[in-house]
Amino acid sequence: MTAKGFQQGFTSLNRETHYEALPVRGSIPPWLSGTLIRNGPAKFDVGSETVHHWFDGFAMLHAFTFRHGAVAYTNRFLRSKSYSEAARTGKLSFSAFAADPCRVIFSRFFSVLFAHADNANVNIARIADRFVALTETPLPIEFNPRTLETIGPFVYDDRLAGSLTSAHPLYDPTNNAAINYTLRFNIVSSYHVYMTRGRRRKRIGVLPVAEPAYMHSFAATTRYVILAEFPFMVHPVKFLLTGKPFIENFRWRPERGTRFLVFDKECQEPMQVYESEAFFSFHHVNAYENDAGLVLDCVAYPDPSIIHQLYLHRVREAEQMPTGILRRYHLPRNGGKVRSEQLASAGLELPQINESQARSRPYRFAYGVGADQPINFLNHLVKVDVERGERQVWSEAGCFPGEPVFVPTPGGQREDDGVLLSVVLDAERGTSFLLVLDAASFTELGRAEVPHHIPFGFHGFFFNDV
Ligand code: CO
């Protein structure tokens, strides 16, 4: 491997392996039983070509299975059509986030354009008791959670068409359903918010939009779904004609401000729209209702320049990059002016919470990856007390952690009773390890060492029955 430092996290891992028991240092809590499945790009080079953007690497699934303090590890590439085609031809020929569009401009319809972009490298979910890899095209790919073998496209049993979606569905315990939205490109485009039960999606709100925005995730309270529509917008017809890579068609229009589009899950009441200053975000952290209205927390950036900062040639050159800040937006109950505040001074990304206790409720702790300025890449794990603005940090020299997934201690009472699981790149050794951190004290309990590096991934999910 020629790359040094954190840049190793942006180099390909071509090997598919299975280890029954990784070497463990420290101790893994014996109560921790289940499988963490993570998703992320792992192959950046095909033949003599390299993908342009981090987000365009081919998806690899990683499974860490915990039983009685031991940890097994398996990894497999997702056999999407685009992966198989690249493997067969030795060429990059499919449309992706920032990929070469030369094939795409001859496709007259978006359905055709995106039908090929099935490289589901962003997240993992369980839909209709199937395990699927997700990306921002509505084309989930099903896999076997034990072997990580690809089963094939997951097909919904409905006619809800869309061109783009979010890879961050939210579970709605009231309705035992998953909430998500899809953007339908057309002469008049529209956002469709829906609930998934089994294989069927039921639409709960629709809004026509002249120039749709790029929205990576969204928020939900017990009753409402909130799309934060940042002014990073695309003109659908121009999109068809320019032939530019997907994300380069979006334009930053700060003069338009950010709109919060509020949909009611329980009835078809008219939606409420709030406006605030322009900002950009990938990730919402949490949202809830209180007497004053709606509260929405997200990781905010002043503009979307972070997307351009994540082109491979830029991250590999270790340019400085912007850091997201945890911000809270207050949407007053009967309309009116949106107020916002910064919840912590330190940066945060890939935010996580204790889903079972904190989702859609007033809460105290957000976890994520962070780095102190000036930064070139995220180099610590952070726990933010959103009530007090205080933080705790875990870091180790030369180590670069990924998204920390929270697993609650069985019977735990406090919100931070549990562990955080994070895949960490040890750049000195050129290998990665799975770190188990006590969420309350923010100290290491143990680690399981993988004999090779794991490229930086995006998101994962812990399943206690796998
Ligand atoms: Co994401």
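In listed order, ligands and their atoms are each counted from 1. Every heavy atom of this structure was used, including side-chain atoms; hydrogens, water molecules and symmetry mates were not. Numbers for residues simply follow the sequence, beginning at 1.
Judged by distance alone, with hydrogens and angles left aside, the side-chain atoms of E415 form a donor-acceptor pair with the main-chain N or O of F365 at under 3.5 Å. Looking only at distances, a side-chain donor or acceptor of D118 sits under 3.5 Å from a matching main-chain atom of K81.
Around the Co ion (ligand 1), the protein atoms of type N, O or S that sit closer than 2.8 Å are H168 NE2, H216 NE2, H283 NE2, H459 NE2.
Taking the six-membered ring for Trp and the full ring otherwise, the centers of F400 and H453 sit at least 6.0 Å from each other. Note: Y194 and H192 fail the aromatic proximity criterion, with ring centroids not under 6.0 Å apart.
No side-chain heavy atom of Y329 sits under 4.5 Å from any side-chain heavy atom of Y274.
Side-chain contact, H168 with H459: a donor N or O sits under 3.5 Å from an acceptor N or O.
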